[in-house]
Amino acid sequence: MSDLRHLYQELILDHSRSPHGFGLSTDSPHRSHQVNPTCGDEIALAVVHDGTTVESVQWEGQGCAISQASASLLSTLLERRPLADVEPLVAEFREAIQSRGTIELDEERFGDAIALNGVSKYVARVKCAMLAWVALEDALDS
Amino acid sequence: MSDLRHLYQELILDHSRSPHGFGLSTDSPHRSHQVNPTCGDEIALAVVHDGTTVESVQWEGQGCAISQASASLLSTLLERRPLADVEPLVAEFREAIQSRGTIELDEERFGDAIALNGVSKYVARVKCAMLAWVALEDALDS
Amino acid sequence: MLPNPAQTDFSSDELDAIRAQFPILTERVNGHPLVYLDSGATAQRPQRVLDAERDFVLRRNSAVHRGAHWLAAEATEEFEDARATVARFVGARPEELVWTSNATEGVNLVAQSIAEASLDPAADPRVRLAPGDEIVVTELEHHANLLPWQRLARRTGATLRYLPVSDEGEVEGIDEVIGERTRLVAFSHASNVLGGYSPVERIVARARSVGALTFLDSCQAVPHAPVDFGALGVDFAVFSGHKMLGPTGIGALYGRFELLDALPPYLLGGSMITTVTMDGAEYLPPPQRFEAGTQRISQAIALAEAVRFLDELGMERVAAHGERLGARLAEGLAGIPGVRVLGPGPGAPRIGLASFVLEGVHAHDVGHVLDERGIAIRVGHHCAQPLHRRLGIAASARASTSVYSTHAEIDVFLEGVAEAAEFFGVAGTREVLA
Amino acid sequence: MLPNPAQTDFSSDELDAIRAQFPILTERVNGHPLVYLDSGATAQRPQRVLDAERDFVLRRNSAVHRGAHWLAAEATEEFEDARATVARFVGARPEELVWTSNATEGVNLVAQSIAEASLDPAADPRVRLAPGDEIVVTELEHHANLLPWQRLARRTGATLRYLPVSDEGEVEGIDEVIGERTRLVAFSHASNVLGGYSPVERIVARARSVGALTFLDSCQAVPHAPVDFGALGVDFAVFSGHKMLGPTGIGALYGRFELLDALPPYLLGGSMITTVTMDGAEYLPPPQRFEAGTQRISQAIALAEAVRFLDELGMERVAAHGERLGARLAEGLAGIPGVRVLGPGPGAPRIGLASFVLEGVHAHDVGHVLDERGIAIRVGHHCAQPLHRRLGIAASARASTSVYSTHAEIDVFLEGVAEAAEFFGVAGTREVLA
Ligand SMILES: Cc1ncc(COP(=O)(O)O)c(C=O)c1O
Ligand SMILES: Cc1ncc(COP(=O)(O)O)c(C=O)c1O
Ligand code: FES
Ligand code: FES
């Protein structure tokens with residue numbers, strides 16, 4: 001069970017049950033809708049920012065605990081973060097999650113989101129963890 | 001070489017080189033055009049009959065020695081034969097040729113055409129030998 | 001070949017002998033013995049099926065229907081024998097069985113050919129559709145038996161309608177939806193999500209009474225029960241090799257000969273023509289008309305061996321085995337708090353397959369916990385999104401069996417589900433903190 | 001992987017080692033050792049390719065891209081690794097390689113998808129055809145690379161034109177026929193009848209200069225020479241597994257990614273969608289968009305092993321071996337009285353394949369005589385009727401080699417042809433007695 005506990009840490013389960021940033025109330029034009037093709041789960045996400053600083057990341061959707069926790073942790077992580085930080089953070093996140101357990105997220109930069117470290121060992125879960133982050137990238141492009 | 005000689009008897013080679021009934025001069029409506037799908041070879045065949053007796057079977061086409069000899073032998077065999085004989089003859093011929101060497105053509109009924117007996121051992125040549133006979137069947141149906 | 005009237009399940013000795021054909025079943029996953037309960041997605045291939053294919057390839061491999069040499073004649077004969085063997089297994093004549101890559105291609109083949117025929121005023125009216133005509137599917141179809149019909153409707157102007165399913169997954173509305181305008185009814189023989197059978201006789205009877213063609217997706221029935229398309233009276237049917245102990249890369253389309261013969265060709269290329277010019281071509285009769293290019297020859301031979309294996313086991317007994325496993329699955333799951341079992345209720349026949357939802361927990365998370373203990377199940381929408389939407393769920397978890405599955409494996413699986421329920425603390429409701 | 005710059009043929013020890021991989025080569029036919037010279041139709045499959053497939057099936061077999069469990073993850077990885085291996089072998093990126101059943105399906109896939117796109121005003125203009133547009137093929141095409149384009153022309157109102165071939169089988173008229181209206185040029189990389197190469201660079205350059213797409217039928221090149229589609233600059237290409245020591249039932253379509261991405265889906269079904277409702281669907285990007293239903297998984301893994309085998313032999317050396325065999329074939333045949341060799345004259349490069357006509361004797365009769373001595377060749381039109389008509393013949397006989405073919409086998413074959421000539425008394429003219 002230790003691998004399982006490592007993946008489904010209390011923090012992950014908590015975030016998935018009581019997600020942060022859940023609910024789309026903004027009319028920010030920076031939004032995206034993404035579907036995970038392997039499971040059909042979806043997310044709708046919007047970024048509120050003033051061009052310099054992210055105010056909030058709001059989202060709605062359904063999916064597995066990993067995808068929900070990841071969206072929630074992303075929302076927590078980016079709140080009031082400089083907009084310029086986002087791109088490198090997404091890149092680092094992607095690299096770590098796709099690393100098959102060889103790269104860990106940096107606690108200084110990712111805070112609680114390092115709870116997602118367990119995902120990178122499970123190829124089948126990478127898309128779950130990435131779903132919100134892909135939506136975030138796409139939202140900022142739009 | 002004995003199997004080969006059995007298949008390509010002098011009679012077969014002679015008929016293939018100097019085919020009987022070759023050349024379509026009749027305007028008989030009893031005609032058919034058939035293609036052997038495995039090789040693309042073709043035959044056009046017409047039956048001249050008065051409702052009781054076959055006067056002649058005329059044909060044109062190209063193909064292997066077996067197909068040409070078979071058409072030629074068929075033409076020889078049916079000349080001035082009662083029309084009612086044709087259907088059973090075709091049926092017997094088909095049965096023997098498809099028999100994989102287990103059934104021989106009856107010399108009394110088939111005359112020189114028994115030279116085609118060697119074909120039935122070669123699955124790949126059955127269609128060659130049958131081509132004219134299938135055209136004949138079709139021509140009488142039309 | 002003869003069905004065993006006793007319809008008894010396999011004895012444990014018999015099961016051991018069966019399992020010995022499948023070395024993969026002795027693999028270990030995360031330190032646990034593999035419990036493979038994903039046979040509905042793809043079944044494992046017995047050694048003897050691999051042996052038959054290998055034997056052919058190493059002794060008789062050759063192009064078929066094209067070669068004049070000895071090897072080609074031998075290969076052609078084995079290839080056509082394979083067709084006859086598989087055809088007999090499903091109550092078809094050999095010339096009524098067209099090889100395809102999988103069931104999906106079989107559905108597309110018929111839909112495309114009907115689309116093509118619909119453009120041709122000279123085509124057989126039975127296989128032509130026009131605006132005003134209706135195609136009927138059910139709400140529980142696999143995407144493979146839905147999307148091609150959607151496209152056919154778009155192309156021809158026909159309307160796609162569907163038979164709704166009840167909360168228990170029963171197909172409803174047969175007499176209401178199938179009517180005078182219905183030209184084709186496409187439906188599943190057994191559902192790959194619910195495990196229950198469709199009312200094939202009733203649908204076929206209704207379709208016939210209005211002059212509509214029937215198309216049966218028999219992917220989940222052919223591997224699990226004796227099937228006779230001729231006796232069922234369907235016009236077309238499809239199934240896949242890899243779900244019935246055969247190889248991937250091969251499946252088959254059954255069609256009543258006169259209907260196949262009324263269809264224009266599908267893929268164009270070698271081995272399906274008589275004459276070709278730079279302007280056009282003439283085509284061979286079925287089944288060759290639909291088999292363009294070099295065929296999946298060794299796979300056909302392997303599939304025939306799979307069919308012989310199933311025949312030796314006896315499809316009646318295979319069905320009995322599956323039904324018993326299915327019942328144990330459904331009952332066991334129903335006994336776990338927080339679990340909702342989809343499909344037929346207790347007592348109703350089901351193949352050895354059951355899908356379920358664990359309240360408040362996503363199917364993928366359930367699957368993950370089981371996977372850690374070596375239990376392989378399928379999670380997601382199982383290529384049946386409309387059915388999931390109908391049942392008000394995004395995803396489900398599915399355990400599915402085959403001839404090599406055991407009651408003991410079902411028990412390990414049920415324990416795993418119970419543990420997953422505990423692990424996630426089932427019925428934890430989401431508090432939304434925006 | 002590195003090409004051997006010396007381009008030396010295989011030594012006889014190396015050939016022995018290669019042949020040991022193919023037990024079928026020790027078969028006897030009519031008391032003679034089998035001389036298999038029909039590799040252009042289908043090549044034999046080495047033991048290690050069968051072993052790789054077997055190993056996968058018995059250890060890791062599972063559905064791919066759908067399963068969440070360990071086995072599915074392993075199988076998906078091996079399957080995608082296989083794609084990457086085969087893609088690299090032909091100078092493609094993995095996402096540019098779509099699995100098909102065979103080359104024939106690859107041609108049909110592109111032709112159908114263009115037909116579909118042509119109906120949709122919103123589709124990418126590069127993949128839409130309309131009346132006035134021209135599709136160009138050559139007169140030497142295999143039916144697989146002709147009929148689908150004929151149908152595409154019929155469907156879209158485009159005109160099909162062709163590049164004529166000379167008496168020696170050279171493709172001509174490139175600058176005249178390919179012009180401003182040309183939208184697509186489909187042509188063979190190497191001819192399956194003549195054995196010579198098409199002027200790929202010139203055709204691609206001309207097509208580019210007029211803004212036309214290029215589609216390469218590389219069935220007879222990929223098994224025989226180093227091929228790099230990226231470097232050739234073609235837009236699409238197809239090849240078949242069974243002609244390159246891989247299994248039947250699998251082939252591949254290469255397409256430049258942006259063009260594949262511009263094409264609508266081909267077969268519809270599972271594993272190629274993101275969302276499905278009862279009314280429609282959204283599709284995945286390539287290559288998945290074109291891979292509906294359960295894929296030929298173990299066959300992909302086997303094909304990758306065939307590619308590794310070829311890579312280890314070195315494609316430069318494979319090419320050198322084939323060229324030498326081809327030259328010996330062509331020269332030897334030309335030395336037999338009454339024989340007309342088709343295709344490139346002496347000195348011009350050819351793959352290890354030669355077709356010929358024995359004057360006054362039908363190819364099937366020649367083939368029959370050879371078959372009696374265990375020599376397997378192909379006779380007929382080789383799915384290239386228009387080319388045969390162009391050359392004024394109904395059929396030809398073809399000997400074709402692969403990596404396991406030997407010079408000694410060519411000699412046995414040449415003796416056989418000489419004997420057939422004697423047997424039939426060549427140049428016996430037909431006297432017509434009506
Ligand atoms: C040049 C060429 N194109 C296409 C094909 C068709 O290949 P397949 O039958 O594997 O689809 C062949 C082989 O028959 C060929 O030689
Ligand atoms: C009911 C049903 N129909 C169709 C299919 C599609 O089969 P395949 O992927 O082999 O084409 C499946 C399996 O995935 C199925 O279960
Ligand atoms: S299973 Fe769908 S996002 Fe994780
Ligand atoms: S080879 Fe064509 S008819 Fe015999």
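Remember, it's a predicted structure, so these values are computed and weren't measured experimentally. The figures here come from the full heavy-atom set of this structure, side chains too, leaving out hydrogens, waters and symmetry mates. Proteins get letters first, then strands, A, B, ... in listed order; numbering begins at 1 in each.
- Residue F424(D) holds its CZ atom at 6.5 Å from CG of L13(B), rounded to the nearest 0.5 Å.
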*Should D41(B) and H362(D) be marked as a side chain to side chain contact (heavy atoms under 4.5 Å, CB included) after you check the CA-CA gap, both sets of side-chain angles, and the distance that decides it?*
CA-CA 10 Å; D41(B) 289 325; H362(D) 191 282; 2.7 Å; yes
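- Other residues, nucleotides and ligands contribute only 12 or fewer heavy atoms inside 6.0 Å of the OH atom of Y162(D).
- Listed here is the closest heavy atom pair of Q62(B) and A394(D): OE1-CB, 3.6 Å.
- The side chain to side chain contact (heavy atoms under 4.5 Å, CB included) test with H368(D) singles out one residue from L7(B), I66(B), D3(B), and that residue is L7(B).
- A salt bridge is absent between D371(D) and R125(B): the closest approach of a Lys/Arg side-chain nitrogen to an acidic carboxylate oxygen does not fall below 4.0 angstrom.
- Inter-residue side-chain proximity for H364(D) and C128(B) is flagged as met; some heavy-atom pair is nearer than 4.5 Å.
- The backbone N or O of C64(B) lies less than 3.5 Å from no partner atom in the side chain of D365(D), so there is not a single donor-acceptor pair.
- For the atom pair CZ of R5(B) and CD of E372(D), the computed distance is 12.0 Å after rounding to the nearest 0.5 Å.
- Counting heavy-atom neighbours within 6.0 Å of E87(B) CD, excluding the residue itself, gives a total of 12 or less.
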